[in-house]
Protein chains: 2
Amino acid sequence: MNATGTAAEDRVFAALANATRREVLRLLRERGPQAVQALADHFEMRRPSLSEHLRVLREAGLVSEQRSGRQRIYRLEAAPLAEVQDWLHPYERFWRDRLRGLGDLLDRMPDDGES
Amino acid sequence: MNATGTAAEDRVFAALANATRREVLRLLRERGPQAVQALADHFEMRRPSLSEHLRVLREAGLVSEQRSGRQRIYRLEAAPLAEVQDWLHPYERFWRDRLRGLGDLLDRMPDDGES
DNA sequence: AGGATAGGTAGGGAATCACCTACGCGTCAA
DNA sequence: TTGACGCGTAGGTGATTCCCTACCTATCCT
């Protein structure tokens, strides 16, 4: 039983499929947890739009919020990204093989016995 | 000059944000290059819908097609996935730190000198 | 209490998505 | 050459995305 259903993966990848949201993650990574206002300063869009992006990130589990007075401090939550890396893992040999010059061998052969 | 613009990243993540397309990638990874028909057998949807998914994957650079008679053989192209892994890399310490019990330290400190 | 500040929600509009059916085009086989 | 097969494209529909402006709530300050 994997805790990561297909719907959760959808949400994470969809959340990452937007430059604004990836930029939010980068800001939280490089400068630590921040209030919405501080984040909003880096974007041209209106704040309600950013709020929606933050909601998408929250629902994907990529950020968490903590109330502090009238501020909401957003923090990076990397667990879903770790799961993305796990998802990526079985594909690794496809680019490693290719870099080594073995390329177009395994991936050209149908039924290469992965099961 | 990075060959991966933000639009290209958008396309890759958006392509991955769909269970059918991720399943296509898995099939190509586990069973090698395949014609559309063989892929279509694994899904309930009509073939034209699958064709559109294949177009999305193609435009993201995740698959390539090679004509063979009246068939189109689709092959996994892992290069964009390697770039996803590169994108992921600076986030790694966030889940590694947390696993080690160092968690909530670096990522709670603003301005931890990443630059 | 009254005003300013932080940030979310409501609702609308253009664009895109994900599915469908109908059809067109190239290839192979009789 | 006629017909079947493999696969893409056209075009339509309902749902979702991403932006906006308005508005609401909660907190802080005086």
Side-chain angles (χ1 to χ4, degrees), chain A residues 5-25 27-28 31-76 110, chain B residues 5-25 27-28 31-76 110:
Chain A
T6 184
E9 277 183 342
D10 279 11
R11 269 193 298 271
V12 172
F13 281 119
L16 297 178
N18 177 281
T20 297
R21 290 192 292 261
R22 287 195 305 275
E23 178 72 1
V24 167
L25 295 181
L27 288 168
L28 294 178
R31 313 164 54 137
Q34 297 192 28
V36 177
Q37 189 71 306
L39 292 169
D41 291 346
H42 293 271
F43 301 98
E44 305 251 303
M45 75 183 54
R46 305 298 172 194
R47 208 189 23 70
S49 303
L50 183 61
S51 266
E52 285 170 28
H53 285 304
L54 291 172
R55 182 181 48 76
V56 172
L57 289 168
R58 223 184 308 123
E59 289 176 353
L62 285 161
V63 302
S64 60
E65 85 168 25
Q66 170 201 352
R67 287 170 154 90
S68 169
R70 52 186 157 176
Q71 298 192 123
R72 254 105 148 168
I73 308 299
Y74 278 84
R75 171 200 317 274
L76 175 65
Chain B
T6 184
E9 276 185 342
D10 279 11
R11 269 193 297 273
V12 172
F13 282 120
L16 298 177
N18 177 282
T20 297
R21 290 193 292 261
R22 287 195 306 275
E23 178 71 4
V24 167
L25 295 180
L27 288 168
L28 293 178
R31 325 188 13 161
Q34 297 192 29
V36 176
Q37 190 71 302
L39 292 169
D41 290 346
H42 293 271
F43 300 98
E44 305 252 301
M45 73 183 54
R46 305 299 172 194
R47 207 187 25 68
S49 302
L50 183 61
S51 267
E52 286 170 28
H53 285 303
L54 290 171
R55 181 179 50 74
V56 172
L57 289 168
R58 223 186 307 121
E59 289 175 355
L62 286 161
V63 302
S64 61
E65 84 168 27
Q66 170 201 350
R67 287 172 153 88
S68 168
R70 52 186 157 178
Q71 298 190 124
R72 252 107 149 168
I73 309 299
Y74 279 85
R75 170 201 317 274
L76 175 64

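Numbered from 1 within each chain, the chains take letters A, B, ... in sequence-line order. Side chains are part of it too, since the values below use all heavy atoms of this structure and drop only hydrogens, waters and symmetry mates.
DNA chain D is contacted by no residue of residues 56-63 of chain A, taking any non-hydrogen atom closer than 4.0 Å.
Here B/Ala35 lies in heavy-atom contact (under 4.0 Å) with sugar-phosphate atoms only. Looking at heavy-atom distances under 4.0 Å, A/Arg47 makes contact with a base.
Put simply, A/His53 has a side-chain N or O that comes within less than 4.0 Å of OP1 or OP2 on D/dC19. Regarding contacts with the backbone of D/dG6, every side-chain N or O of B/Tyr74 stays at 4.0 angstrom or more from both OP1 and OP2. Taking 4.0 angstrom as the limit, B/Arg21 places a side-chain polar atom (N or O) nearer than this to OP1 or OP2 of C/dA18. When the side-chain nitrogen and oxygen atoms of A/Gln37 are compared with OP1 and OP2 of C/dA6, one or more of them lie within a distance under 4.0 Å. At the phosphate of D/dC18, neither OP1 nor OP2 sits under 4.0 Å from any side-chain N or O atom of A/Ser49. Contact check, A/Asn18 against D/dT17: no side-chain N or O comes under 4.0 Å of OP1 or OP2.
Between the side chain of B/Arg70 and the base of D/dC5, a donor-acceptor pair under 3.5 Å is found. Between the side chain of B/Glu52 and the base of C/dC20, at least one donor-acceptor pair of N or O atoms lies under 3.5 Å.
Residues A/Leu16 and B/Glu9 form no side-chain contact, since every pair of their non-hydrogen atoms from C-beta on lies 4.5 Å or further apart. B/Gln71 places a side-chain heavy atom less than 4.5 Å from the side chain of B/Ile73. For the pair A/Met45 and A/Glu52, the minimum side-chain heavy-atom distance is 4.5 Å or more. A heavy-atom distance below 4.5 Å is not found between the side chains of A/His53 and A/Val24. Annotation: side chain of B/Arg55 is not in contact with side chain of B/Ser51 (no heavy-atom distance under 4.5 Å).
One interatomic measurement links the two molecules: CG of A/Asp10 to P of C/dC17, which rounds to 15 Å at whole-angstrom precision. Distance A/Gln71 CD to C/dT5 P: 13 Å, rounded to the nearest Å. Rounded to whole Å, the distance from CD on B/Glu65 to P on D/dT9 is 9 Å. Distance, A/Leu54 CG to C/dG7 P: 10 Å, rounded to whole Å. The interatomic distance linking A/Ile73 (CD1) with C/dG7 (C1') rounds to 12 Å, in whole Å. When the C1' atom of D/dG11 is taken as reference, atom CZ of B/Arg46 falls 18 Å away, rounded to whole Å. Computed from coordinates, the B/Leu16 CG to C/dC17 P distance equals 14 Å when rounded to whole Å. Look at CE on A/Met45: it is 15 Å from P on D/dT17, rounded to the nearest Å.
Between A/Glu59 and A/Arg11 there is no salt bridge, since none of the side-chain N atoms of the basic residue sits less than 4.0 Å from a carboxylate O of the acidic one.
The side chain of B/Pro48 has D/dG8 as its nearest neighbour among D/dC5, C/dG7, D/dG8.
Atoms CG and CG, on A/Leu62 and A/Leu54 in that order, are 11.5 Å from each other to the nearest 0.5 Å.
Within the 3.5 Å criterion, the main-chain N or O of A/Ala15 finds a donor-acceptor partner in the side chain of A/Arg21.
Heavy-atom nearest nucleotides on DNA chain D were determined for A/Glu44 and for B/Arg55, and the one closer to the 5' end corresponds to B/Arg55.
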